[in-house]
Visitor: 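First the structure, which I've put down as C-alpha cells, then a few questions once you've had a look.
Residue numbers start from 1 in every chain, and the chains themselves are labelled A, B, ... in the order their sequence lines are given, proteins ahead of strands. Reckoned from all heavy atoms, side chains included, excluding hydrogens, waters and symmetry mates.
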Amino acid sequence: MKRTPQDCPSRLPENTAVKQQQLPACRLQLSATGILSGFFATGVFCLGMGVILILSAKSSTEIEINYTKICASCAKLRENARNFDKECTCSIPFHLTQTMRGNVYMYYKLYGFYQNLHGYLLSRSNSQLLGTDVKDVETCAPFSKSHDGTPIAPCGAIANSLFNDTIILSYKLNSSVHIQVPMLRSGITWWTDKYVKFRNPSSSNLSSAFAGTTKPPSWPKPVYELDENDPGNNGFLNDDFIVWMRTAAFPTFKKLYRRLSRTQHFIEGLPAGNYSFNVSYNFPVTRFQGEKSVVLSTLTWSGGHSLFLGLAYTVTGAMTWLAAFSMMAVHLKLKGKRFSPDDKVKL
Amino acid sequence: MFCSEKKLLEVERKVKANDREYNEKFQYADNRIHTSKYNILTFLPINLFEQFQRVANAYFLFLLILQLIPEISSLTWFTTIVPLVLVITMTAVKDATDDCFRHKSDNQVNNRQSEVLIDGKLQNEKWMNVKVGDIIKLENNQFVAADLLLLSSSEPHGLCYIETAELDGETNLKVRHALAVTSELGADISRLAKFDGPDTKLMQNSGKTKFKRTSIDRLMNTLVLWIFGFLVCLGIILAIGNSIWEKQVGDQFRSFLFWKEGEKNSVFSGFLTFWSYIIILNTVVPISLYVSVEVIRLGHSYFINWDRKMYYSGKATPAEARTTTLNEELGQIEYVFSDKTGTLTQNIMTFKKCSINGRIYGEVQDDLGQKTDITKKKEPVDFSVNSQAERTFQFFDHNLMEAIKLGDPKVHEFLRLLALCHTVMSEENSAGQLIYQVQSPDEGALVTAARNFGFTFKSRTPETITIEELGTLVTYQLLAFLDFNNIRKRMSVIVRNPKGQIKLYSKGADTILFEKLHPSNEDLLTLTSDHLSEFAGEGLRTLAIAYRDLDDKYFKEWHKMLEDANTATDERDERIAGLYEEIERDLMLLGATAVEDKLQEGVIETVTSLSLANIKIWVLTGDKQETAINIGYACNMLTDDMNDVFIIAGNTAAEVREELRKAKENLFGQNRSFSNGRVVFEKKQQLELASVVEETITGDYALVINGHSLAHALESDVKNDLLELACMCKTVVCCRVTPLQKAQVVELVKKYRNAVTLAIGDGANDVSMIKCAHIGVGISGQEGLQAVLASDYSFAQFRYLQRLLLVHGRWSYFRMCKFLCYFFYKNFAFTLVHFWFGFFCGFSAQTVYDQWFITLFNIVYTSLPVLAMGIFDQDVNDQNSMDYPQLYQPGQLNLLFNKRKFLICMAHGIYTSLALFFIPYGAFYNAAGEDGQHLADYQSFAVTMATSLVIVVSVQIALDTSYWTVVNHVFIWGSIATYFSILFTMHSNGIFAIFPNQFPFVGNARHSLTQKCIWLVILLTTVASVMPVVAFRFLKVDLFPTLSDQLRQRQKAQKKARPLHSRRPQTRRSSSRRSGYAFAHQEGYGELITSGKNMRAKNLPPTSGLEKTLYNSTSWIENLCKKTTDTVSSFSQDKTVKL
C-alpha cells in the first residue's frame, strides 16, 4: 500500500498550460479612451446611417388606398358567406399628383388579419405543396378533407383563406380614354418558393394531377383553374397563391400583388394623373372587422418605404453620443482625484 | 460492557463461540462490506427513479408530457426530449462509473484473508465470509475487518497492541487485554467476531453521508422557483390576453378562418393558452443550465487535481477533488475548523533545546555570537561515534557534546534523568537496533535525545532500568514510580544506583515543579525561568527537570507509608497523592527541555494569509489546553499583541456561564460600555446585533475553551453567548473536544451564523466534523484513510488550503457567478420575445423562432462560449490572488451572485428581449424587400430575430469574458459560424426535399440574409442592446472600482516589466512566558510498568516482593481502564460500540 515517489511518478500532474490554467490569453480590459472613442464612432455611424435612411425613405413615394369602406356595398354583400358566388366589383378613383419614378410595386395590405396564429401557421402540408404526395393532408386540420372524405388540395387554413380580390389599375389617359396599366405578375415570389418549395404534381395535365382531391371550401374554383389566362400560372405554382402561403409575421401586412411593367406611357414609372382601381371584391374582411387597402410604392436602395429604421438609427446615434459625453465628463472629473490602486490595496 | 453499548439497537446479543449453527438462528448480518448502490440488473430502474426524483428532471418530464398533449403543444416534443435524454444519459454514466469504483473497493476489503477456526481446524477464509461467533487467529500486522473480542494473545497477560489509524488517525499503539478467563486458552492472538458487516463500529460510526449542496445551489433553486412564479404570471397575463382577444377579435376571426371548428369558449381557450405558454417560456430555465453547472464544476475539480502547486512530492500525493459539486463554495468560506495533530502539526516531536544548570544548549550561534536561524547551513552534531544513535535526530549545538565529553556532572545527571524517568518500553528488532515503544511522542523525543548523547535507555523490568551511560551498562533499581496525572502534571521515579544512592528524578510542568524546589535553587530558578520563557516564545513545548537525593532511612519510612496507603480501603488515592507530594519536595533544579511539536510546512504563512482574507480559523483538537495554546502561539493564531485571551475551562454549567459572561463583559468593557446594554436583548436580536457589535470591537481577542466547558456551553441557553463571544474573537481554540463536539461546534456556526464553513482534518476523529461542515477537507498521504474518504477535497499539506481557497475557490466562485449571470440573462433575452410576440399573434402561443432554433439554441449555439468562460475565466492571475487575500472577500459577502444581481441580469435580459423584438417589429411594419417582395413574413422575422439574438449574446459573452484563451476564441467565433452553417443547412433545398414537413424554412436564410435591410436591423439591435451595458459597466468601474478592477488595471500596466514580488507574511513571535507543560500523556502507564504486565515472561526477574505487595494483580488494569475512560468515552459518545 505504501507508495514512494519513485513508484508512481505519474501521480505528478502534467505541466501543461491547460492543466495549470496558464493558457496564453489576452485579458480583455478596455481602457477609458478605447471605450469612449468606440462610443463616439458608433454614434457617428448610427447618426449617419439614420440620416441616410430617412432621406432615402423620403425620396420614395407610397400611396395607400383603403377600400374597405369605399366599397361598402360589396363589403356588405361579402359579410354573408352564402353570397360567395355573387360577383361584386367596385372602382376606386384616385389622383396621383406626382409621377412615381422607377419601379412601382402594387401591394395589397390587410389589417387585422392574423396570419401568425399558431393553429393557422401549422395548417398546411408542405409535402403536398411540393407535389410529391397530393393526398398528404395530415397536418392540415381543420381543412384536410371535405365532408365526403376527399383530401383537399391545397389543404389547410392558410390556403383556404387565400386573398382572392382582383385589382386592376387603370390610367385615365384623357377624359375619355382609360387604359389598363400594364402589370407583371412574375417576379413577385421568392425564387426558392417558386422553384423549390412549390411544385405541381407531375402529370401530363394539371387537372388529372389533382384527380382525387377537391378544392378548398372557400374557393370558387379548383387550384388548377386559378389563372384562366396563363396555364403556367396554375396549380401550386400560382404566384398569388405562393405569395399568400408565405405567411406574414404580424396582423397588419402588405403583400406584393403586381409590379409595373415599364412600357409605353409607363417607362418612367407612373405618371401623375388620375387613376382608378377596379376591384373585384371577394375577400370578406369585414367579417372579422379587418380592413384592406391597395398600396402603390417605389423602392429605395434598402427596400420598402419605411421611416422606422432611419429614425431608430438616428435616436440610437444621438443616445450613444449623449452617453459618450456624459461618460467622458464623469471620467475626466474623476481622473484628478482617483485613488491609485496602491492607496486602497494596503497589505 | 461491550454488549450494553449496543442497547439502542438490541438489548443483548447471544453468541456461542465457534458454533455457526447456533449463531445462525439469530440472523446476524454477514461480514460483507457493502457500500455500492447498484448491480447490473437494478442499475437502470433505480438510477432512473433516483434521477427523476430531482426536481429539475421531474419538471422537464412534466413539460414533456405537456408537450405530448396536442391541444396545448406549442413546441414539438424534440425540443425537450433531446436535452433531457442527453442529461439523463450523462448522469447515468457518471453514476455507473462511481459505483464501479465502490464495487472495486468493497471487493478489495471483502476478499482480504483471515484465519478462522472451523471444525477445530484453522482455515483460510475471506473476511466477508466471517460469521458472528467465529474464532479468528490474527497475526502481527494484520488488518482487522470486523469488531472483535480479544480472547487471548501470545503476549503475557493477554495483552495486545492495536493500531487504530484507520479509525482515528492516531498511529501510536493502544493496549487491549483479554479477559483473565480466556487469556489462558491459546498462545496466538485469537479473537471472536462480535459485530459484522454493517454492524461494525466503523460502519456505525461513519454516520450518514449527507448530500452537500452549495449556497449557490440553494440560491439557484430559489431563483428557479421565482422564475417559475414569474412564468406563471406571464402565463396568466397571456392567458387573460388570449381570453380577451378571443372574445373581441378571435371569435369572428377564427370563425372566419376555421369555420365551425374554430368555435371555442374563450375562457377555455385562455386555459389552454396558459399551458402552451408555460411550455414555450420554460426555456428560461433550460436543462442545459444544470448540465452546464455540473460541467463547469467538474472542470474546476480537474483543475484542482491537476494543480502541480498542490502536489506534495514528499508523499507523491496530488490534491484531489473528491466531490465535484462544491467548488464555488470554496470561494465563500468564512470559517475554517482545523484539527491540530497531523493537520497543523506533523505529530513529530523533536528535541530542540535544553537549559542545563543555567546554560542553554541547542542555540545556534554564528561567529559574532548572534543567534541565527537553524535553517542556515550549519554542521549538525555528529553522532556517528555512538552506535546506538538514532540517525534522524539532529542537533546543531556542539557545546552540549563537549560538555558531555568534559564530564560536567550536571549535564550527565540531566541526561541520566531523561533516560530513566519515562514510561518508554524498549525492544530490539531483528537487526539488533533498539526500538522504543513510546506512549507519548514527547517522551520519545526526550529519551531519543538522551540516547544520542550517550545515555541510552536499554531495557527495563518491573524493578530495574538498564541504561548505557557513555558506553557502560548501568542497572538502576526502580524503587518507586510516581506516575503522572493531570493534577500533578509531573512524574517521578525513585531509583537506587549501583553505588547504592537513592535518587528521585522528576520531570514536569515548570509552574508545578518550581514550587517544589529547594530554596537554594533561587538563582538557577530565575535563570532557567528566563530560558523557559524564551523556549515558550519560540513555540516549543517545555518541561522542567529536577532531582533529589534521598537518604535510605527516609525513603524506607516513606515507602512503608506508601504500602499502608495502598492497602488502605478508604481515601486510598488521596493518601497516595499526599505521600507523593511529601517526597517530591526540596528538589534540585537541573534545567529544562524544549521539544518542538513540528508544524507542517507553511502553516504560519497560510494562517496569516487566510486571516487576511477574513477567514476565521478555529482549532478543534483533542489535545490538552496547554498543547493547543502552544500550537496557537506557534502558528501565529495567538499572539501577545492580542488584547485578551479568554480561557473557558469551567466544569459545571454555572461556571461556564459565569466565565462566558465575564469574558463578554471584559470584551465590551474594554470598548465602550453602551454595547453592554445592547447585548442584553432577546437572543434572536442578539444574533443580529452580533454583527453590528462585531464592528465596534477593536483589538484582537482570542477564546480558548475546554471540552468539558464546551459540553455545557453547547447547551441551548448558553449557546448564543458562546457563539457571540467566539465570533468576535479573532481566534478560537477548542481543546479536549470529542469528535462529536467538533461536529457540534461546526453545526453551531453553520446554523446560527449562516456562514460557509470548512473543516480540515486527517484522522477518523475529524470525520464527523468533515461531514458536517459545508466543505470537508482531508489531509491525504497518511496512514488513516477515514478522513480522506469522508472528505470533499483532499491534499497532503495544510498549506495547500491557501491555494485551494484563494485561487481555486475564488476563481470557481467568480466563474460560476459570471456564468449564472450570463446564463440567466441569455435565456431571459431568448425567451421573453415570445411574450412580446404574444401581443401580436392573438396570444396563440406561436413561437417567434423556428422549433429547431429553440432546440439548438441552448445546447449548440450558445453553450460552449459560456462554458469556456465558466471554466477558464480569470479576473486576476493566481499570483495576485495569493498576494492580495482581500480579493477573497466578495465571495464571503456573496457579492457576485445574489438576488439583487439576479434581478439585474433579469432586467438586462428583459431589456435585450425588448430591443430584440421591437426593433425588427418596427422595421418590418411596413417594409418590403429590395426587390419589392414580401419581407415581413413570419419566417424572415424568425430568422432575423434568431440571428440578432445569436449575435447579441455572442457579443455579450465576448464582453463578459475577461480572459481570452484560444479556447474562448474558438468557441465564440465557432458558435457564430456553427449557427450560420446550421442555419444555411437547415434552410437548404436538399434537406427540404427530404423532410419537407420538418424543415419548411427552405431558402429563407439565403433570401433574408442577403437583404441590406435585415442586416441593418441586426446591427441596430446589437448596438442598442450592448451599448447601454458597456456604458453602465464603464461607469461602474470608473466610479466604484473594486479591488480586482484596480488589480486588473495594474496587472495590465505592469505586464511587461514586472518582477514578481511574492509577499511573505512576517512571522512574528511572541516572547511572553507561558506555562509550557505539554505532555500528551495518559495516566496509568506507570502502574503498567511496575506491575510488569506488559513485559515478556522471559524478561521477568524473580519477584523481589517489594513491588508485588504494592498492587494487587488486577488493580492496575482497573485503573488503566478507569483512567482511559476519558478518552474512551469521547469516542463512544460519537456512536455506539467501543472495542
Visitor: Quick check on A/Asn103 against chain B: is it the side chain, the backbone, both or neither that has a heavy atom closer than 4.5 Å?
Guide: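 Contact with chain B: none, neither part.
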
Visitor: Answer with side chain, backbone, both or neither: which region of B/Gln248 has an atom nearer than 4.5 Å to a non-hydrogen atom of chain A?
Guide: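 The backbone, not the side chain.
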
Visitor: Heavy-atom distances under 4.5 Å only: say whether A/Thr316 touches chain B with side chain, backbone, both or neither.
Guide: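 Side chain of A/Thr316 only, per the 4.5 Å heavy-atom cut-off to chain B.
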
Visitor: Relative to chain A, which segment of B/Ile1014 carries a heavy atom at a distance below 4.5 Å: side chain, backbone, both, or neither?
Guide: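 Contact with chain A: none, neither part.
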
Visitor: With respect to chain B, which residue among A/Gln115, A/Met319, A/Lys255 yields the maximal number of heavy-atom pairs within a distance under 4.5 Å?
Guide: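 Between A/Gln115, A/Met319, A/Lys255, the count favours A/Lys255.
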
Visitor: Heavy-atom cut-off 4.5 Å, strictly under: side chain, backbone, both or neither for B/Val876 against chain A?
Guide: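 For B/Val876, the backbone is the part near chain A, not the side chain.
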
Visitor: Please state whether the side chain, the backbone, both or neither of B/Asn968 comes within less than 4.5 Å of a heavy atom of chain A.
Guide: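 For B/Asn968, no heavy atom lies under 4.5 Å from chain A.
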
Visitor: Compare all side-chain heavy atoms of A/Asn15 with those of A/Gln20 and state whether any distance is below 4.5 angstrom.
Guide: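 Sidechains of A/Gln20 and A/Asn15: in contact.
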
Visitor: Can you say whether B/Val249 sits under 4.5 Å from chain A via the side chain, the backbone, both, or neither, judging by heavy atoms?
Guide: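 The side chain, not the backbone.
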
Visitor: In terms of side-chain heavy atoms, does B/His987 have a donor or acceptor partner in B/Asn1004 at a distance below 3.5 Å?
Guide: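 Short answer, no.
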
Visitor: With only heavy atoms counted, which part of B/Arg1006 is less than 4.5 Å from chain A, the side chain, the backbone, both or neither?
Guide: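 For B/Arg1006, side-chain heavy atoms alone lie under 4.5 Å from chain A.
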
Visitor: Is chain A contacted by the side chain of B/Val848, its backbone, both, or neither, given a heavy-atom distance below 4.5 Å?
Guide: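 For B/Val848, there is no contact with chain A at all, as no heavy atom is under 4.5 Å.
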
Visitor: So with a 6.0 Å cut-off around CZ of B/Phe1032, is the heavy-atom count from everything else above 12?
Guide: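 Open.
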
Visitor: For the CZ atom on B/Phe840, are there more than 12 heavy atoms of other groups (residues, nucleotides or ligands in this structure) within a distance under 6.0 Å?
Guide: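 Yes - once you tally the heavy atoms of other residues, nucleotides and ligands closer than 6.0 Å, there are more than 12.
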
Visitor: Please name the pair of heavy atoms, one in B/Tyr311 and one in B/Ala316, separated by the smallest distance, quoted to 0.1 Å.
Guide: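 Reported closest heavy-atom pair: OH-CA, 3.3 Å.
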
Visitor: How close do A/Thr300 and A/Ser56 get, heavy atom to heavy atom, and via which atoms?
Guide: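 In terms of heavy atoms, the two residues are closest at CG2-O, 3.0 Å.
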
Visitor: Looking only at heavy atoms and a cut-off of under 4.5 Å, which of B/His969, B/Gln874, B/His1007, B/Gln1011 has the most pairs with chain A?
Guide: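 If we count pairs closer than 4.5 Å to chain A, B/His1007 comes out on top.
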
Visitor: Quick one: which of B/Val1017, B/Thr961, B/Leu935, B/Asp931 has the most heavy-atom pairs under 4.5 Å with chain A, could you say?
Guide: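 Looking at each option in turn, the highest pair count goes to B/Asp931.
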
Visitor: Which one, B/Leu1016, B/Val1030, B/Asn305, leads in non-hydrogen pairs under 4.5 Å with chain A?
Guide: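 Counting heavy-atom pairs under 4.5 Å, the top option is B/Leu1016.
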
Visitor: Pick one of side chain, backbone, both or neither for A/Trp301, based on which atoms fall under 4.5 Å of a heavy atom in chain B.
Guide: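 Both the backbone and the side chain of A/Trp301 come within 4.5 Å of chain B.
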
Visitor: Side chain, backbone, both or neither: which part of B/Leu1035 has a non-hydrogen atom closer than 4.5 Å to chain A?
Guide: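 When you check distances to chain A, only side chain atoms of B/Leu1035 fall under 4.5 Å.
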
Visitor: Can you confirm whether more than 12 heavy atoms, excluding those of A/Glu138, are under 6.0 Å from its CD atom?
Guide: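 Result for CD/A/Glu138: open.
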
Visitor: Can a side-chain donor-acceptor contact be found between B/Asp873 and B/Ser962 if the only test is distance below 3.5 angstrom?
Guide: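 A donor-acceptor contact under 3.5 Å links the two side chains.
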
Visitor: Should the pair B/Phe303 and B/His300 be assigned to parallel (<30°), tilted (30 to 60°) or perpendicular (>60°) ring geometry?
Guide: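 B/Phe303 vs B/His300 ring planes: parallel.
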
Visitor: Is B/Arg1033 salt-bridged to B/Asp960, going by a charged N under 4.0 Å from an acidic O?
Guide: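 The answer is yes: the pair qualifies as a salt bridge.
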
Visitor: Name the region of B/Ser73, side chain, backbone, both or neither, that has any atom closer than 4.5 Å to a heavy atom of chain A.
Guide: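 Backbone only.
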
Visitor: Is there a donor-acceptor contact under 3.5 Å linking the side chains of A/Asp133 and A/Ser127?
Guide: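 No - no donor-acceptor pair under 3.5 Å links their side chains.
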
Visitor: Tell me, for B/Phe837 versus chain A, whether the close heavy atoms (under 4.5 Å) come from the side chain, the backbone, both or neither.
Guide: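 Side chain only.
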
Visitor: Identify which of A/Thr192, A/Thr132, A/Asn126 forms the greatest number of heavy-atom pairs closer than 4.5 Å to chain B.
Guide: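 Sorted descending by pairs with chain B, the first entry is A/Asn126.
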
Visitor: For chain A, which candidate among B/His934, B/Glu930, B/Lys1012 shows the most heavy-atom pairs at distances under 4.5 Å?
Guide: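 Ranked by contacts with chain A, first place is B/His934.
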
Visitor: Taking all atoms of both residues into account, what is the closest heavy-atom pair of A/Tyr105 and A/Arg259, and its distance?
Guide: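 Smallest interatomic distance, heavy atoms only, reads CD2-CB, 3.8 Å.
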
Visitor: Would you call the rings of A/Phe253 and A/Phe113 parallel, tilted or perpendicular, taking 30° and 60° as the class edges?
Guide: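 The rings of A/Phe253 and A/Phe113 stand perpendicular, inter-plane angle above 60°.
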
Visitor: With chain A, which of B/Tyr921, B/Phe843, B/Tyr925 has the greatest number of heavy-atom pairs at distances under 4.5 Å?
Guide: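 Looking at each option in turn, the highest pair count goes to B/Tyr921.
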
Visitor: So which part of B/Leu1039 gets closer than 4.5 Å to some heavy atom of chain A, the side chain, the backbone, both or neither?
Guide: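 Contact with chain A involves both backbone and side-chain atoms of B/Leu1039.
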
Visitor: Do A/Arg287 and A/Arg78 come close enough that some side-chain heavy atom pair is under 4.5 Å?
Guide: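 Heavy-atom side-chain distance check fails, nothing below 4.5 Å.
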
Visitor: Please classify the contact of B/His808 with chain A as side chain, backbone, both or neither, using a heavy-atom distance under 4.5 Å.
Guide: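 Side chain only.
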
Visitor: Flag the one option from B/Trp811, B/Tyr312, B/Phe924 with the top tally of heavy-atom pairs under 4.5 Å to chain A.
Guide: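 Among B/Trp811, B/Tyr312, B/Phe924, the one with the most close pairs to chain A is B/Trp811.
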
Visitor: Side chain, backbone, both or neither: which part of B/Phe918 has an atom under 4.5 Å from a heavy atom of chain A?
Guide: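 The answer is the backbone of B/Phe918.
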
Visitor: Which atoms of A/Ile158 are under 4.5 Å from chain B, going by heavy atoms: the side chain, the backbone, both sets, or neither?
Guide: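 A/Ile158 has no heavy atom closer than 4.5 Å to chain B.
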
Visitor: Specify the closest pair of heavy atoms between B/Ala1024 and B/Ile919, including all atoms of both residues, with the distance to one decimal.
Guide: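 Closest approach of B/Ala1024 to B/Ile919: CB-CD1, 3.9 Å.
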
Visitor: Report which part of A/Pro24 has an atom under 4.5 Å of a heavy atom belonging to chain B: side chain, backbone, both, or neither.
Guide: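 It is the backbone, since no side chain atom gets that close.
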
Visitor: Counting heavy-atom pairs closer than 4.5 Å to chain B, which one of A/Ala32, A/Ala323, A/Cys46, A/Ser161 comes out on top?
Guide: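 Highest number of heavy-atom pairs under 4.5 Å: A/Ala32.
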
Visitor: List the atom of B/Gln933, the atom of A/Thr189, and the distance in Å for their closest heavy-atom pair.
Guide: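 Reported closest heavy-atom pair: NE2-O, 2.8 Å.
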
Visitor: Under a 4.5 Å heavy-atom cut-off, does chain A meet the side chain of B/Ala845, its backbone, both or neither?
Guide: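 It is the backbone, since no side chain atom gets that close.
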
Visitor: Looking only at heavy atoms, which two atoms of A/Ser123 and A/Ala157 are closest? And how far apart?
Guide: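 Nearest pair, atom of A/Ser123 first, then A/Ala157: OG-N, 2.8 Å.
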
Visitor: Which one, A/Thr320, A/Leu130, A/Thr298, leads in non-hydrogen pairs under 4.5 Å with chain B?
Guide: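 With the most close heavy-atom pairs to chain B, the winner is A/Leu130.
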
